[in-house]
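Quick notes on the structure that follows.
Values below: every heavy atom of this structure, side chains too, minus hydrogens, waters and symmetry copies.
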Amino acid sequence: MNSISIIIAIYNRKDELFELLNSLSHQTDKDFEIIIVDDGSKIDLRPTAELFHESLTIQFFRKDNSGPGLSRNYGARRAKNDWLVFVDSDVIVEKDYIENIKKNITEIPCDAFGGADKAHKGFNLMQKAISYSMTSVFTTGGIRGSKKAVTKFQPRSFNMGVRKSAFEKVGGFSEMRIGEDPDLSMKLWENGFTTAFFENIGVYHKRRVDFGKFSKQVYQFGCARPILNQRHPNYVKISFAFPSIFLLGYVLGFIEYFTLQKGLILGFYGLYTFIVFFHALLLTKNISIAAMAVISTYIQMFSYGYGFLKSWILLNIFRQKPEEAFPSHFHQN
């Protein structure tokens, strides 16, 4: 059986919930259930869900705030079907999303899967620029957007499916509020389960709508990575430290320029900026998006790099426990 339960953990995002449910209501394959877990929102989301009670099979639950991972676990325990599919509340899916998932899990042996995210043509310019930064081969190596860039794929919870039996075997998502999805992927690997990348189930992901929120988000991602490295040492990669190296290199470039009156290092950053701009321009055909993509790329690299460096120092030099160094990253019982 390839029956599917869509699980949506949500906090406040009323408009995004409407758009997501609307896209799910137009699926070519309508044989699935939806479980909405309201993670202690300050606004009432039930009326939005009830707008779709005739076109979708929805279970709606409201609980105290605990973060996305534990809220997804809450929904998973109430799921009736064999496969759990997790999507973020700020995504939109194409009409063949469910159909393609079922086709893929029939043809591609795996215990968990994920897909890419991309920018919808209706997104604003900043959202498209941020989407570029999060999916480009020149920023994240393309691991979120291309099968060619994937060796051993870590599904992300904005677009992630797991066999319910495997999910239960590893205990679901951990108490981490940030980085809980790669943590789950690596727990699956450690228990002998396999993951796969499905090319044809990409979702339109809004992400953050301004640079300030985006900076805070990727900073938190950077902080989470050394914690994940401690938890899963067998899957540590040098590439995780690249944004920190990028940040330190930039600082070193200015030191070189003002002390030695040489701009060799900064010249490499100028070349990188040139490449990012024209690559974004080639993909988006919009000079404004390309210019903002340069800004969002530097924000991503600097904020993630700083978060990673800070976390690594606290955990490895000062020997702090992750829960002590970053209490907001963990659910407090």
Side-chain angles (χ1 to χ4, degrees), residues 1-9 24 27 29 31-35 37 59 67-88 91 93 96-117 142-176 178-203 205 224-225 227-229 231-237 240:
M1 293 288 291
N2 290 329
S3 52
I4 289 175
S5 296
I6 303 284
I7 298 173
I8 306 166
L24 287 168
Q27 292 299 296
D29 185 331
D31 184 20
F32 62 95
E33 70 166 347
I34 298 172
I35 300 171
V37 182
Q59 295 187 65
L70 298 188
S71 294
R72 296 187 193 106
N73 290 349
Y74 183 97
R77 289 193 294 270
R78 289 151 179 81
K80 301 174 182 176
N81 295 323
D82 303 318
W83 283 87
L84 310 173
V85 175
F86 302 98
V87 292
D88 279 358
V91 306
V93 301
D96 56 358
Y97 181 70
I98 299 295
E99 179 183 345
N100 286 337
I101 286 177
K102 290 185 178 181
K103 185 175 184 292
N104 286 328
I105 57 181
T106 299
E107 298 176 353
I108 303 173
C110 65
D111 302 294
F113 62 84
D117 60 341
I143 61 171
R144 290 171 175 260
S146 171
K147 186 174 183 178
K148 294 179 181 178
V150 176
T151 52
K152 195 165 186 176
F153 185 62
Q154 292 183 2
R156 295 294 197 270
S157 56
F158 62 79
N159 185 13
M160 177 183 197
V162 187
R163 197 185 300 271
K164 188 176 182 181
S165 57
F167 186 82
E168 292 173 340
K169 173 72 180 298
V170 302
F173 290 100
S174 70
E175 77 284 4
M176 294 181 70
I178 309 294
E180 76 286 349
D181 37 2
D183 181 57
L184 174 60
S185 293
M186 288 183 279
K187 284 197 300 182
L188 288 167
W189 294 341
E190 288 161 354
N191 282 272
F193 296 113
T194 58
T195 59
F197 178 84
F198 293 167
E199 287 187 282
N200 58 353
I201 64 163
V203 300
H205 198 179
R225 180 51 69 177
I227 299 173
L228 292 169
N229 289 347
R231 288 188 169 212
H232 310 283
N234 290 334
Y235 300 109
V236 175
K237 295 180 180 180
F240 295 153

### Task
Step by step, work out the side chain to side chain donor-acceptor pair (under 3.5 Å) result for Tyr97 and Asn200.
CA-CA 8 Å; Tyr97 181 70; Asn200 58 353; over 6 Å; no
### Query
Where does the angle between the aromatic ring planes of Phe173 and Phe167 fall among parallel (under 30°), tilted (30 to 60°) and perpendicular (over 60°)?
perpendicular
### Query
Can you say whether the rings of Phe198 and Phe113 are parallel (under 30°), tilted (30 to 60°) or perpendicular (over 60°)?
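Parallel: the ring planes of Phe198 and Phe113 meet at under 30°.
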If you compare all heavy atoms of [X] against all heavy atoms of [Y], which two are closest, and at what distance to 0.1 Å?
X      : Y      : result
Pro155 : Ser185 : CD-OG, 3.1 Å
Ala112 : Leu188 : CB-CD1, 3.8 Å
Val162 : Ala166 : CG1-CB, 4.5 Å
Ala116 : Asn159 : O-ND2, 3.2 Å
Asp183 : Ser174 : OD2-OG, 2.9 Å

Is a donor on one side and an acceptor on the other found under 3.5 Å between the side chain of [X] and the backbone of [Y]?
X      : Y      : result
Asp29  : Ile98  : no
Arg72  : Val87  : no
Asn100 : Asp96  : yes
Lys164 : Ser5   : no
Asp117 : Val203 : no

As an exercise, state the distance from [atom1] of [X] to [atom2] of [Y], rounded to the nearest 0.5 Å.
X      : Y      : atom1 : atom2 : value
Gln154 : Asp181 : CD    : CG    : 8.5 Å
Glu175 : Asn73  : CD    : CG    : 10.5 Å
Glu180 : Arg156 : CD    : CZ    : 10.0 Å
Met160 : Asp88  : CE    : CG    : 11.0 Å
Phe193 : Ser165 : CZ    : OG    : 6.5 Å
Ile35  : Ile6   : CD1   : CD1   : 10.0 Å

Going by heavy atoms in the side chains, are [X] and [Y] under 4.5 Å from each other?
X      : Y      : result
Ile4   : Ile101 : yes
Val85  : Ile7   : no
Leu228 : Phe240 : no
Asp111 : Thr195 : no
Asp31  : Ser3   : no
Ile34  : Leu24  : yes
Lys187 : Arg231 : no
Arg163 : Asp82  : no

### Query
Any cation-pi pair here, Arg78 with Tyr74, using under 6.0 Å and within 45°?
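That pair qualifies as a cation-pi contact.
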### Task
Run the numbers on Lys102 and Trp83 for side-chain contact (heavy atoms from CB on, under 4.5 Å), then give the verdict.
CA-CA 10 Å; Lys102 290 185 178 181; Trp83 283 87; over 6 Å; no
### Task
Would you check if there is a donor-acceptor pair between the side chains of Gln27 and Glu99 at a distance under 3.5 Å?
no
